[in-house]
Number of protein chains: 2
Amino acid sequence: MLERRLDGETLVTVYGRCTVEYDGRAASSLGPGDRLLVLKPDGTALVHTTENQKPVNWQPPGCTHEVSLVDGGLRVRSERSTPAEELRVAFETVEQVSAFDARDEEDLALTGTEEDLRQRILDDPDLVESGFRPLATERETSAGAVDVYGEDREGRTVVLELKRRRVGPDAVGQLVRYVEALRRELHTDAEIRGVLVAPSVTDRARELLGEEGLEFVSLTPRASDD
Amino acid sequence: MLERRLDGETLVTVYGRCTVEYDGRAASSLGPGDRLLVLKPDGTALVHTTENQKPVNWQPPGCTHEVSLVDGGLRVRSERSTPAEELRVAFETVEQVSAFDARDEEDLALTGTEEDLRQRILDDPDLVESGFRPLATERETSAGAVDVYGEDREGRTVVLELKRRRVGPDAVGQLVRYVEALRRELHTDAEIRGVLVAPSVTDRARELLGEEGLEFVSLTPRASDD
DNA sequence: AGTTTAATATCGAAC
DNA sequence: GTTCGATGTTAAACT
């Protein structure tokens with residue numbers, strides 16, 4: 001039944017006591033225990049234990065799944081190339097095998113992302129500071145694309161780095177790279193301001209901002225009356 | 001049956017046609033489709049479609065799950081506080097409901113991690129460069145802990161930043177922060193070398209290394225005869 | 001196929 | 001509890 005249903009159209013689940021071996025980018029071994037194996041029609045494989053949101057082992061979409069019987073026990077093997085990766089699940093006991101004809105056309109509608117934060121700023125630039133004028137989004141520099149590029153009321157160049165949630169030192173590093181790249185590329189004597197826009201910052205990130213002469217503006221992706 | 005089995009000891013799966021609403025750190029809405037709902041004993045909730053490794057919607061461990069019947073349809077609600085987040089799954093049809101008494105004591109044994117790379121270097125420092133002497137791991141600086149701290153054959157301070165796989169500009173930014181922090185804190189005139197140790201680097205990362213006067217050494221977490 | 005960055009990232013450890 | 005960095009991160013956009 002399983003072999004027939006690994007046809008790229010069926011969602012398969014197997015529940016039972018098994019061991020799991022993985023070899024690829026890393027390598028792992030998992031002793032016997034009760035787990036849920038999910039084989040998706042797109043070639044994804046997931047091994048879930050009783051704990052955690054992440055599967056304990058997995059294969060990404062695009063893999064090929066095979067089943068076999070060894071000493072009366074079910075074996076499932078999933079593999080891919082580039083990079084070469086292999087997952088082997090050996091069941092001692094199987095409590096349940098299911099195959100579902102799945103139909104799902106709907107796309108997820110998600111809000112509260114960095115893109116929403118950008119749109120909020122473009123709709124009302126005064127949220128950043130009075131007189132701020134956005135000139136471009138995703139403006140290219142040698143250090144990568146700047147989220148929002150614009151001018152303040154005095155005509156000084158302003159670079160915004162947007163984050164949808166509280167930020168640590170990594171985001172400051174990103175902003176530093178953009179500001180330094182623009183200073184080199186615009187080769188102007190005029191000041192370039194770098195502003196991190198996020199709901200809040202950690203202490204270490206705030207220190208780094210001070211050391212680098214950068215600024216912070218508190219803003220969330222969602223309107224306060226949400 | 002479901003209410004009785006949401007007892008913190010049972011793994012529950014529900015398969016059927018449903019809609020999903022999420023509100024919390026972000027917010028999302030998903031129209032009707034066939035999906036697999038997994039409720040773990042640790043309070044995790046997963047909604048899986050036919051595609052992708054990641055669930056289309058989820059709740060992290062520690063949430064409380066509730067079930068109810070509305071107009072003859074099964075509803076599942078999962079919520080948590082700090083941050084306040086809620087997931088609602090409304091089933092039109094239910095093809096299967098399962099409850100499994102799960103027993104799993106085994107821990108995953110994973111190799112090929114950054115920790116393995118560190119151990120490789122401590123076992124044979126010459127892999128980094130002839131004469132390199134590691135003095136400390138996780139050495140604290142104001143910018144965070146340095147992976148490996150040591151001296152080269154001439155006695156110059158060397159900072160290693162380790163990555164288990166090919167690295168981009170972000171890792172260079174991290175190394176820059178550590179080297180700058182040490183230059184301030186050691187307030188010495190002597191040179192401090194920063195070395196990125198990883199299997200490979202992207203072009204942009206290599207440029208950044210050059211601009212910052214940092215170095216790169218190619219090394220993987222696993223021995224070449226693996 | 002490779003690069004870059006966002007993410008409801010997740011997860012674990014240190015504080 | 002918050003902060004910080006690794007992750008077999010995943011996933012999407014772009015080259």
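Below, chain A is the first sequence line, B the second, and so on; all start at residue 1. We use all heavy atoms of the structure for the numbers below, so side chains are in, but hydrogens, waters and symmetry mates are not.
Phosphate proximity of C:dA9 to A:Q53: absent, as no side-chain N or O sits under 4.0 Å from OP1 or OP2. Contact annotation: B:R25 side-chain N/O to C:dT10 OP1/OP2 distance is under 4.0 Å. For A:K54 and D:dT7, the shortest distance from a side-chain N or O to OP1 or OP2 is not below 4.0 Å. In terms of phosphate contacts, B:Y178 brings a side-chain nitrogen or oxygen within less than 4.0 Å of OP1 or OP2 of D:dG5.
In this model, no donor atom of one side chain and acceptor atom of the other lie less than 3.5 Å apart for B:T113 and B:R164. For the 3.5 Å distance criterion, the side chains of A:Q59 and A:K40 fail to qualify, holding no donor opposite an acceptor. Looking at B:E85 and B:Y22, their side chains do bring a donor and an acceptor atom within 3.5 Å of each other. Looking only at atom types and distance, the side chain of A:S28 has a donor-acceptor partner in the side chain of A:N57 under 3.5 Å away. For the residue pair B:T44 and A:Q53, no side-chain donor N or O sits within less than 3.5 Å of a side-chain acceptor on the partner.
At a threshold of 4.0 angstrom between heavy atoms, the contacts of A:A84 with the nucleic acid are absent. When heavy atoms are screened at a 4.0 angstrom cut-off, B:P221 is found touching no nucleic acid atom at all. Backbone-only engagement by B:R177 is indicated by non-hydrogen atom pairs under 4.0 Å involving sugar-phosphate atoms exclusively. Residue B:E51 is classed as having no contact, given no heavy-atom separation below 4.0 Å to the nucleic acid. Backbone-only engagement by B:Q174 is indicated by non-hydrogen atom pairs under 4.0 Å involving sugar-phosphate atoms exclusively. Contacts of B:P83 with the nucleic acid, taken as non-hydrogen atoms under 4.0 Å apart, are absent. Using a 4.0 Å heavy-atom criterion, one finds that B:T113 contacts the sugar-phosphate atoms exclusively.
With hydrogens and angles ignored, a donor-acceptor pair closer than 3.5 Å exists between the side chain of A:Q59 and the base of D:dG8.
Mapping B:L108 and B:T82 onto DNA chain D via the closest heavy atom, the residue that lands nearer the 5' end is B:T82. Ranked by how close their nearest DNA chain C nucleotide is to the 5' end, B:D170 and B:A27 are led by B:D170. Comparing B:A145 and A:R80 by the nucleotide of DNA chain D whose heavy atom lies nearest to each, the residue mapping closer to the 5' end is B:A145. Between B:W58 and A:L162, the one whose closest nucleotide on DNA chain C sits nearer the 5' end is A:L162.
A heavy atom closer than 4.0 Å to some atom of DNA chain C occurs in no member of residues 196-216 of chain A.
Applying the side-chain contact (heavy atoms from CB on, under 4.5 Å) test between B:E211 and each of B:L208, B:L209, B:L214 identifies B:L208 as the sole match.
When the C1' atom is used for both D:dT9 and D:dG5, the distance is 12 Å, rounded to whole Å. Comparing the same atom, C1', in D:dT7 and in C:dA7 gives a spacing of 14 Å after rounding to whole Å. Atom name P, nucleotides D:dC4 and D:dG8: the rounded distance is 22 Å, in whole Å.
Minimum atom distance to the side chain of A:P169 is reached by D:dG5, of the listed C:dT3, D:dG5, D:dG8. Counting only heavy atoms from C-beta on, B:K163 has its side chain closest to D:dA6 among C:dA6, D:dG8, D:dA6. The side chain of B:N57 sits closest to C:dT8 out of C:dT8, D:dG8, D:dT7.
Atoms CD (A:E85) and P (D:dT9) sit 8 Å apart, rounded to a whole Å. With rounding to whole Å, B:D116 atom CG is found 13 Å from D:dA6 atom C1'. With rounding to whole Å, A:R166 atom CZ is found 8 Å from D:dT2 atom P.
Between A:V47 and A:W58 there is no side-chain heavy-atom pair separated by less than 4.5 Å.
Using a cutoff of 4.0 Å between basic side-chain nitrogens and carboxylate oxygens, B:R77 and B:E86 are scored as salt-bridged.
Atoms OG1 and CG, from A:T10 and A:L39 in turn, are 10.5 Å apart once rounded to the nearest 0.5 Å.
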